[in-house]
Amino acid sequence: MAPTPRPGGIADRARAQIETPYLDGLNPEQRRAVETLDGPVLVLAGAGTGKTRVLTTRIAHLVATGRARPHEILAVTFTNKAAREMKERIGALVGPAGEGMPWLGTFHAISTKILRRHAELVGLKSGFTILDTDDQIRLLKQVLQAADVDDKRWPARGLAHLIDSWKNRGLDPARVPAGEAGAFANGKGGALYAAYQARLKTLNATDFGDLLLECLRLFRDNPDVLAQYQDRFRYMLVDEYQDTNVVQYLWLRMLAQGRHNLCCVGDDDQSIYGWRGAEVDNILRFEHDFPGAAVVKLENNYRSTAHILGAASGLIAKNEDRLGKTLFTEGEAGEKPRVSGVWDSEEEARQVGEEIEQLHRGKHSLDQIAILVRASFQMREFEERFITLGLPYRVIGGPRFYERLEIRDALAYLRCVAQPDDDLAFERIVNTPKRGLGDSTVGILRAFGRDRGLPLIASAAMMVETDELKPKQRQTLRALMSDFARWRALVGTIPHSELAERILEESGYTDFWQKDRSAEAAGRLENLKELVRSMEEFPDLVSFLEHISLVMDTEGANTGERVSIMTLHGAKGLEFDTVFLPGWEEGLFPHQRSLDDNGKAGLEEERRLAYVGITRAKRRAFIYFATNRRIHGMWQTTIPSRFLDELPEDHVEVAENAREKRSGYGPSRFDTVGAFAGSSYATPGWQRAQRQGAGATSGVARLPGVIEGELIAKSTQQAHFTVGARVMHQKFGPGAVAAVDGNKLTVDFDRAGRKMVLESFIQAA
DNA sequence: ATCTTCTTCGTTTTT
DNA sequence: CGAAGAAGAT
């Protein structure tokens, strides 16, 4: 590494002039964001204005100009995905030199790294375990039981949320306001929090919230340690600053008090995680909190056409609490976002499906199409429709790999072997698969351990030598303990993935799923294999466990071109040529609960969500509202979302069928038959029967609950399956063919019952 | 200890 | 309407 040139010196500047090809192609504002290196900088980056490019280029610039070496730069993101992408892009920009960025990661990952080095200063041992939400709740249940709290009236989940919210605000048990602490379980809230923290310390464990909070405490109580990191991080960068919560803000501020070179990038208009503790205020107050801050606004949008941008900008302008940006594009006007009214969610799915098929026929890539919903229950209807149409899709944001039951069980086995005092892991698998060691046995074990201050596994090892347990249980437990001993002895002698395989085999866990005849069992076994495979990427068991405790995401190996279905929240940061935005109805979007719980702030966050949705589209946006929707199993007549009326008329096109529905009763352009609410004429069946015209189904009133759609695909293709054949379906699992009609099969699924499906979705089992 | 019926409660989600 | 969790039955 070359000697560091004096900042701003001639050599420095000359170098920047000559060796900065990466600056080419940046617009003046982006360039300013990249080149303003000294002191605090706030980059207000509107949607699609090249935010990530600025961040990565800035890092490249810091390194190329010799301002900092990669290990002297702290770069923080919220998700592992964002961290990974940034790493890749920096690598592409700087080459291998940029790969060694040890301090690029999520808040949690970086905090963990720091905490492990100084664990003893906050009452932990370096090898502490990180509990996930599931473990956290199980532990809280124990705490509630120990405190003799009725966990029906005061569920562990509620307490978990409460404690999380305190931790998000940087409050340890001593700092929680008395009023708030008292609100839970008749005044026991504070004591329960303290008891939970004490339990965590005994288990040598932290939850996710602790990673930040304990790190903050470490800095507060140990100025020398803090100084060391303030000194090390010459430059700090934060992505998605609008999503930071109070602890994260305090954490950043402490570190930034060293060199003051903090660069935060964010967009107040895209703050959609307030309900999770994010403080938009952090971004609104930046200039106040970091005096002398340079503020750079990125307003040149490179993503969307003018009409899409116009619609989104007009909508977000209705928010009062914002810094205010005016996005513009130099691109073409394009197509106006189209608003369509439909009768119900079924018609909505049908129309979206038709539109997609038409686009697809026009050579539009399915990968560039997304359906963005407000709530995940909306997804089902689209899935069903797409299965019927034979339209390939992928659902993004389903249950994550490491959250799956079988994976968590398998991991618990590994944890028991790697961390003998991991009580929660042990409790998870003592009786999985069922071996007759139920609640009462575990209760005895726990009492034994508590009396002697021992972890459960150690207690179990001792108890099998006594006669406190019934012979049968003692025998089973003894066998399990000798299994553990055997596996533990193997650590380090054979590859850890092989060890994992043996553990799963010898514990009977693999067998347990093999015997299971349910539809998911095969997939679960597949997942277990995938888990073992993924272990090979890590040098040893401990580093593997460390990785998965923080990185709970895996990109599913989804092959082929597919339409994406996801929530609006999940879509942040992504872009698609064409975006479908269904369900724009009062109550659903904006969501009633948001309004009820948070009033105006809630409404504004919902509006930002709408803004995020529209700005995902590069070229086309289709917005839908249904007049009737089934909520909690009951059909309800709905009113078009207020957001529809807030879209500037110049930038949207209202589809014919939507205009027809105009009643003239209300001020809305989109008022529909809402005036009929309560009348029996408003029932979907009656209306459907009355309705004529394009898209109408058979004309027979269909009762809600009948999910099979019309099988419109026709084929004279020879059937490949015969009645009675065992088959496999991507969604419904295994089943037997009951009838064949062209390419349409009626299948009795083992789990899902009788369904009519297209042959192309079926494989021989 | 485990299987079955009953009740409850329904945004958004990362680490 | 349906999933999930908890009390009740075997």
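Small disclaimer: the values here were computed from a predicted structure and weren't measured. Here is the naming used below: chain letters follow the sequence lines, and residue numbers restart at 1 for every chain.
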Sorted by position of nearest nucleotide on DNA chain B, 5' first, the leading residue of Gly438(A) and Tyr273(A) is Gly438(A)
Rounded distance in Å between the P positions of dT13(B) and dA4(C): 16 Å
Could you tell me whether the phosphate oxygens of dT15(B), OP1 or OP2, come under 4.0 Å of any side-chain nitrogen or oxygen in Asn168(A)? no
What is the distance, to the nearest angstrom, from the CG atom on Asp344(A) to the P atom on dC1(C)? 16 Å
Side chains of Asn282(A) and Thr244(A): any donor to acceptor distance under 3.5 Å? yes
If the condition is side chain to side chain donor-acceptor pair (under 3.5 Å), which residues does Asp281(A) pass it with, not counting sequence neighbours? none
Single hit among Tyr193(A), Tyr196(A), Phe184(A) for ring-ring contact (aromatic ring centres under 6.0 Å, His included) with Trp166(A): Tyr193(A)
From dT2(B), dA1(B), dT13(B), nucleotide with atom closest to Lys434(A) side chain: dT2(B)
Spacing between His632(A) atom NE2 and dT11(B) atom P, to the nearest angstrom: 6 Å
Mind checking the P distance from dT12(B) to dG5(C)? Whole angstroms is fine. 16 Å
dT12(B), OP1 or OP2 - any side-chain N/O from Ser376(A) closer than 4.0 Å? yes
Atom pair distance, as rounded to whole Å: CG in Leu144(A) and P in dA6(C): 12 Å
Is the ring centre of Phe78(A) under 5.5 Å from the base ring centre of dT14(B), and are the two planes under 30° apart, so that they stack? no
Under a 3.5 Å threshold, yes or no: a donor from one side chain and an acceptor from the other, between Gln242(A) and Glu240(A)? yes
Value in whole Å for how far the P atom of dA4(C) lies from CD of Glu403(A): 13 Å
Judged by whether its glycosidic angle lies within 90° of 0, dT11(B) is syn
Looking only at atom C1', what distance separates dT11(B) and dA6(C), rounded to whole Å? 24 Å
Identify, residue by residue, the members of residues 588-615 of chain A with a heavy atom below 4.0 Å from DNA chain B, and return them in order of residue number, or none. His591(A), Arg593(A), Ser594(A), Glu606(A)
Ignoring hydrogens and angles, state whether a donor on the side chain of Glu427(A) or Gln142(A) is under 3.5 Å from an acceptor on the partner side chain. yes
By nearest-heavy-atom nucleotide on DNA chain B, the more 5' of Thr441(A) and His161(A) is Thr441(A)
Hey, is the side chain of Ser440(A) poking within less than 4.0 Å of OP1 or OP2 on dA1(B), counting only N and O atoms? yes
Does dG2(C) have OP1 or OP2 under 4.0 Å away from a side-chain N or O of Arg630(A)? no
I'd like to know if the side chain of Asp409(A) pairs up with that of Tyr509(A) as donor and acceptor (distance under 3.5 Å, no hydrogens or angles considered). yes
Decide if the gap between the ring center of Tyr229(A) and the ring center of His118(A) is smaller than 6.0 angstrom. yes
Interatomic distance, Leu405(A) CG vs dA3(C) P [rounded to whole Å]: 16 Å
NZ/Lys600(A): more than 12 non-hydrogen atoms of other groups inside 6.0 Å: yes
Please report, rounded to the nearest Å, how far the P atom of dT12(B) is from the CG atom of Leu568(A). 11 Å
Just the rounded figure in Å: distance from P of dT13(B) to CD of Gln270(A). 16 Å
Separation of Met379(A) atom CE from dT12(B) atom P, in whole Å? 8 Å
Side-chain N or O of Asn431(A) versus OP1/OP2 of dA1(B): is the shortest distance under 4.0 Å? no
Look at the side-chain N and O atoms of Lys152(A) and state whether any lies under 4.0 Å from the OP1 or OP2 oxygen of dA7(C). yes
